[in-house]
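See below for the structure under consideration.
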Amino acid sequence: MDKKPSQPGKFSGEKKFGEKRSFDKRPGGSRNAQGEKRPFGRSAQDGEKKPYSGSPRPGGKFGEKRDGRPGNAGPRRPGNGFGKPANRPAPQMKPAAAPSLPSSNSRRVALEIFQDVVRKDAFAALSLDDRMKNANLSQLDKRFCASIVYRTLENLIRIDYALSFYLNDAEALEPKVRDILRISACQLLFHDRIPENAIVDEAVKLTRALGMEGLTGLTNAVLRSMVREKEKIEWPKPEEGAKYLSIMYSVPMWLAERLIAAYGEKMAQEICSYRNQEHFITIRPNMMRLSDSEFEALMQKKVWEMEKGAVPHAYRVRLASEIARDADYMNGSFSIQGESSMLAAQAVDVKRGMQVLDCCAAPGGKSAYLAETMAGTGRVYAWDLHEHRVTLIKAMMKRMRLDNIRPVVRDASVLKEDLLGAMDAVLLDAPCSGLGVMDNKPDIKYRATPESVEELTRIQEKLLNTCCQYVKRGGTLVYSTCSMLPEENCQQVEKFLADHPDFEIAPLPASFDEKFKAQYTAAGLQLLPHRDGVEGFFIARMRRVK
């Protein structure tokens, strides 16, 4: 995956699940109209989000066990090796030190990043990167901060549902306090290696540090009530269908309904519940400079762990910190590119000397793949609507030393008549909802709305109808998105083929793995992360026959 989803909508988490209960500061927590305690309970999330920037899985061993005991055993009694005390005084031994706990500052930075996303519509990965640069955090704190941000976003609807049992009107609450409660509830529900008292105390300290002394009592009481009674929360049951998927896996209700309609309940649950537990970065060699074997030899000199991916020329690397600053990356020996993105470029099946158009090209990963495959011959015209994104393509060209790419700022939906029928191949990786990568970028699922998807489908249709005119007879048109919604994918292709009898669906190139070919239909290839082991993507290869 080498491009961000376009046309993001405003961040839109689900609200007001279940009946709200008045907050009760008495030790029993909230009570119902008959004076009985409200049930609370514990969640158990299957699968975990891979962390940001090379860290181990969030939820790693941060500090003490839940009961407050150190995470390792105390010192052993000295003896003679046969279970009896030795005939000498036991040496004075210090107790094993408890593992370090994350600092208060890590939670504050996590709160700031979380608020960037939910209050300012920022992208989580970009905000995390920006704030980490200026934060004085240890590696432990950085890992913990990233885990809070991503886990809270992954499970936000479920967290809000749990908090709804303790708050009368969460929407009316001071936004900073509400978000402190959210990231703290996330720790209580999903970070079971952190002492619960420490989570509550740190939340109170953070509320106070942000100048809200008057709300520290509420923060303390809400979270302590959750600690006491979270085992009894009445979560939705599987038979409740879309509501169950929406709350338990934190996807907006409309999206849960559409996934069920498209894939059936079983597959929809597999899609919603999937969390990529492996953390790796996919890279590939510059095919004009290195063969796969030469690239493997180069990689053996590094401390990274590496294995072959599911796609030709793809390698999955781990333990690669700040890979974009690696000397071999900076000199153009390899690129960072998702495997599904590589497949979309591979589907074009370019040959040397071709004239190829990449319609929505930034940041340039697919253009580079096409240019390298043609060994520097022919031309790859790389268009993008925004000048700053075309600048990214130019920077990539310079780094990779690819002279057969021609980047231009251009609106691909506006017909350029002098190029009619001039291209051997056109690749349209269209603006889309990005929901195919929501397991890696959880904030995406809250940005998409029914309205934004409808607008995107209109843009996709217009782009298809315009850009197909550049394909010469016998040439290839590849349409792709990083979405899983049929209205952006197979339905677009079916409508396009019905409206354009001069095009027909074409088979995937021979270079495609058989497991991908087996999923290919008369309307294209839908890749699903939980099933196919690559990013969620759609690819349709078409040929102009007249």
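- The pair R182-D179 meets the salt-bridge criterion, since a charged nitrogen lies less than 4.0 angstrom from a carboxylate oxygen.
- We find that K237 and E240 are not joined by a salt bridge, their nearest charged nitrogen and carboxylate oxygen being 4.0 Å or further apart.
- Among residues two or more places apart in sequence or in another chain, the side-chain contact (heavy atoms from CB on, under 4.5 Å) test is passed with K301 by none.
- Between the side chains of Q460 and T481, no donor-acceptor pair is found at a separation under 3.5 Å.
- Annotation: side chain of T282 is not in contact with side chain of Q337 (no heavy-atom distance under 4.5 Å).
- Expressed to the nearest 0.5 Å, how far CZ of R224 lies from CD1 of I199 amounts to 11.0 Å.
- Note that the CG atom of L173 and the OG1 atom of T219 stand 7.5 Å from one another [nearest 0.5 Å].
- Here the side chains of L181 and L218 are in contact, with some heavy-atom distance below 4.5 Å.
- Other residues, nucleotides and ligands place more than 12 heavy atoms under 6.0 Å from the NZ atom of K515.
- Here Y329 pairs with F334 under the ring-ring contact (aromatic ring centres under 6.0 Å, His included) rule; sequence neighbours left out.
- Using bins of under 30°, 30° to 60° and over 60° for the plane-to-plane angle, the ring pair H386/H388 lands in the tilted bin.
- Of the N and O atoms on the side chains of Y244 and E239, not one donor lies less than 3.5 Å from an acceptor on the other residue.
- For the atom pair CE (M396) and CD1 (I336), the distance works out to 13.0 Å, reported to the nearest 0.5 Å.
- Residues passing the salt bridge (Lys or Arg N to Asp or Glu O under 4.0 Å) test with D328, sequence neighbours excluded: K302.
- Using a 4.5 Å heavy-atom threshold, the side chains of I271 and R531 count as separate.
- K133 has a carboxylate O that lies under 4.0 Å from a charged side-chain N of D129, or vice versa, which qualifies the two as a salt bridge.
- Defined by atom type and a distance below 3.5 Å, a donor-acceptor pair is missing between the side-chain atoms of S250 and N155.
- Sorted by first and then second residue, the pairs that involve residues 256-272 and meet salt bridge (Lys or Arg N to Asp or Glu O under 4.0 Å), not counting sequence neighbours, are R258-E487, K266-E270.
- Counting heavy atoms from C-beta on, the side chains of L128 and Y150 come closer than 4.5 Å.
- In this structure, E339 and E535 have side chains that are in contact, with non-hydrogen atoms separated by less than 4.5 Å.
- Atoms CG and CZ, on L137 and R131 in that order, are 12.0 Å from each other to the nearest 0.5 Å.
- Considering only residues two or more places apart in sequence or on other chains, Y263 meets the ring-ring contact (aromatic ring centres under 6.0 Å, His included) condition with none of them.
- D513 is linked by a salt bridge (Lys or Arg N to Asp or Glu O under 4.0 Å) to nothing, counting only residues two or more places apart in sequence or in another chain.
- Using a 4.5 Å heavy-atom threshold, the side chains of L188 and V227 count as touching.
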